[in-house]
Engineer: 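Supplied in structure tokens, the structure appears directly below.
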Amino acid sequence: MNKCIVGLQWGDEGKGKIVDILAEKSNIVVRYGGGANAGHTVVVGNNKFALHLLPSGSIRPDVKCLITNGVVLDPEVVIAEIEKLEKENINLKSRLLISENTHVVLDYHKKEDLLREEALGKNKIGTTIRGIGPCYADKVGRSFAVRMADFLDMENFKTKLQKIVDYKNQYFGAIYNAEPMNADEIYEKCKVYSEKLSPYITDTTEFLHKAISQKKSILFEGAQGSLLDLDHGTFPFVTSSNSSSLGMSAGCGVPAKYVDEFIGVIKAYTTRVGAGPFPSEQENDTGQYIRDRGHEYGTTTGRPRRCGWFDAVVVSYSVTIGGIDSLALLHLDTLAGLKELNICKAYTIDGKETTFFPSNLAKLEKAKPVYETVPGWEEEITEVKSFDDLPENAKNYIYRLEELIGIPIKMIGVGPKRSQTIFR
Ligand code: GDP
Ligand code: IMO
Ligand code: MG
């Protein structure tokens, strides 16, 4: 069985936890998109791992971990992660594979991300400043792109890098009046990256297709969420890749027909980091209650996450465009103690009701949520092990979400640990 795990809201749904759990019965986990903007949390006993680039299967010692062509890889971050895991006696030497076609995030990408956001002022996107947009822009632009394969030929790379940095210096100087960067300094860092990462660089597409023909079990790990998808999300307040499940095939060279199940990960409410529309947002005591109980602060940037009610319009849209088969619903425990829960089941736009998510910003800004109110539950549920033992109102909440979304909720999170997961 091959499965693809993908976030259906604005990211941070709990993909890391689900991938870690499913990795137990998988041979291979593939990170196919995004970069160090992602922060995937895996909790094992008292240990908490926040992974930005390494697949969330890394903690399982027998799992092969792939970072494929769709990722934009910051070498500094991945090296730090490998070394951090080594300190915990988790070795990736023979089981991490990085595609030679993976694009590389370098200092000038992070610098440009920061300069642009600063220049935008109150109109900024609220990016993670991890150089994601500028690196993907270089990928699309081609002429100044750096890929992992470049680290295998450092002689040629030196000349190439000098040209790129010359260009960036002229550009940043003219547009942002920025101080020039030193190509030699960047090259010296790249020499270290090359030494440390060359052993992992390979053809991951070939590896994956061999694995498919050998009937290995593969998990494809999405990053971000479907509403942050460059084409189908809340543009321009999105990330720079196809972060819905639609990005999977292009991101690793495996057609969707080899995926047996697309699993969408959702929270029992909604969160978002960064700017952009969020119809069911609660900038009030309810939002703060969720933030406090759910520890809703960014894994990558530490920013407080914006919090709001569950939005079935958002999730139904992500299911529809993503071909999602089943759901993992996390953070059900966070909602305990709220007398009533609101579920956004439609929007009104200019007086007309719609249940299909309008990705167009002008329409979305006018969207007013239509809520259905259901009773909440008082009891803490973090120790509940089976669906039947959940409070009646928690069960009813799940039934209602399934009705609105139209596909089954097969896994339920009642806490961050592996053991705090109910399978149905
Ligand atoms: P990801 O980016 O989708 O992997 O999600 P993050 O790791 O950024 O954020 C999810 C957070 O929720 C992490 O701190 C997890 O440890 C935590 N978490 C995951 N599932 C649950 C759950 O069911 N209940 C609670 N309370 N926390 C959870
Ligand atoms: P995971 O994989 C939540 C958001 C940023 C910003 C927008 C663009 O942990 O779910 P970028 O740095 O990508 O150019 O920022 O996208 N964003 C995320 N939000 N979870 C993520 O990843 C995110 N990755 C990017 O906050 O609004
Ligand atoms: Mg995250």
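These values consider heavy atoms only, across backbone and side chains, with no hydrogens, waters or symmetry-generated copies. Whatever order the structure lists them in is the order used to number ligands and atoms, beginning at 1.
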Engineer: Record the part of Arg130 in heavy-atom contact with ligand 2 below 4.0 Å; permitted values are side chain, backbone, both and neither.
Structural biologist: neither
Engineer: At under 4.0 Å between heavy atoms, is it the side chain or the backbone of Val414 that contacts ligand 1, or both, or neither?
Structural biologist: backbone
Engineer: Under 3.5 Å between some N or O of ligand 2 and some N or O of Thr127?
Structural biologist: no
Engineer: Closest to the Mg ion (ligand 3), which N/O/S atom of Asp12 is it?
Structural biologist: OD1
Engineer: What part of Trp10, side chain, backbone, both or neither, has a heavy atom within less than 4.0 angstrom of ligand 2?
Structural biologist: backbone
Engineer: Please write down residue, atom name and distance for the protein heavy atom closest to atom 12 (O) of ligand 2.
Structural biologist: Thr128 OG1, 2.6 Å
Engineer: How far is atom 8 (C) of ligand 2 from its nearest protein heavy atom, and which residue and atom name does that atom have?
Structural biologist: Val238 O, 3.3 Å
Engineer: Quick one: which ligand 1 atoms are inside 4.0 Å of a heavy atom on Gly413?
Structural biologist: 23 (O)
Engineer: Heavy-atom count check: over 12 atoms from other residues, nucleotides or ligands less than 6.0 Å from Asn284 CG?
Structural biologist: yes
Engineer: Taking only heavy atoms of His40, which atoms of ligand 1 are found under 4.0 Å from at least one of them?
Structural biologist: 1 (P), 2 (O), 4 (O), 7 (O)
Engineer: Identify, for atom 26 (O) of ligand 2, the protein heavy atom at the shortest distance, and state residue, atom and that distance.
Structural biologist: Arg303 NH2, 3.0 Å
Engineer: Nearest to atom 3 (C) of ligand 2, what protein heavy atom do you find, and at what distance?
Structural biologist: Asp12 OD2, 3.2 Å
Engineer: In the protein, what heavy atom is nearest to atom 13 (O) of ligand 2, and what distance, to one decimal place, separates them?
Structural biologist: Thr239 OG1, 2.6 Å
Engineer: Which residue and atom name correspond to the protein heavy atom nearest atom 18 (C) of ligand 2, and how close is it?
Structural biologist: Leu228 CD1, 3.6 Å
Engineer: Is Glu402 salt-bridged to Lys410, cutoff N-O under 4.0 Å?
Structural biologist: no
Engineer: Are Thr301 and ligand 2 in contact, using a heavy-atom cut-off of under 4.0 Å?
Structural biologist: no
Engineer: For atom 9 (O) of ligand 2, tell me which residue out of Gly11, Ala223, Gly39 has the closest non-hydrogen atom.
Structural biologist: Gly39
Engineer: Is it true that His103 and Tyr136 have ring centroids separated by less than 6.0 Å?
Structural biologist: no
Engineer: Between the Mg ion (ligand 3) and Gly39, is there an N, O or S atom separated by less than 2.8 Å?
Structural biologist: yes
Engineer: In sequence, state the C-alpha distance, the side-chain angles, and the governing distance for Asp311 and Thr270, and then conclude on side-chain hydrogen bond (donor to acceptor under 3.5 Å, both in side chains).
Structural biologist: CA-CA 7 Å; Asp311 189 333; Thr270 313; 5.8 Å; no
Engineer: Do any heavy atoms of Ser240 fall under 4.0 Å from ligand 2?
Structural biologist: no
Engineer: Can you tell me which portion of Arg305 lies within the under-4.0 Å heavy-atom range of ligand 1? Options are side chain, backbone, both, or neither.
Structural biologist: side chain
Engineer: For Glu283, is there an ion pair with Arg306 - N to carboxylate O distance below 4.0 angstrom?
Structural biologist: no
Engineer: Can you pull out the closest protein heavy atom to atom 6 (C) of ligand 2? Residue, atom name and distance to 0.1 Å, please.
Structural biologist: Gly126 O, 3.2 Å
Engineer: Please determine whether the number of non-hydrogen atoms from other residues, nucleotides or ligands lying under 6.0 Å from atom NZ of Lys385 exceeds 12.
Structural biologist: yes
Engineer: Tell me whether Gly39 has any N or O atom under 3.5 angstrom from an N or O of ligand 1.
Structural biologist: yes
Engineer: Nearest heavy-atom pair of Ile186 and Tyr108: which atoms, and what distance?
Structural biologist: CD1-CD2, 4.1 Å
Engineer: What protein heavy atom sits nearest atom 23 (C) of ligand 2, and how far away is it?
Structural biologist: Gln224 CG, 3.6 Å
Engineer: Pull out every atom of ligand 2 sitting under 4.0 Å from any heavy atom of Lys15, numbered as shown with elements.
Structural biologist: 1 (P), 2 (O), 10 (O)
Engineer: Using a 4.0 Å cutoff against the non-hydrogen atoms of Val273, which atoms of ligand 2 qualify?
Structural biologist: 3 (C), 19 (N), 26 (O), 27 (O)
Engineer: At less than 4.0 angstrom from any non-hydrogen atom of Gly16, what atoms of ligand 1 do you find?
Structural biologist: 4 (O)
Engineer: Before accepting this row, confirm whether a basic side-chain N of the pair Glu372/Lys345 lies closer than 4.0 Å to the acidic partner's carboxylate O.
Structural biologist: yes
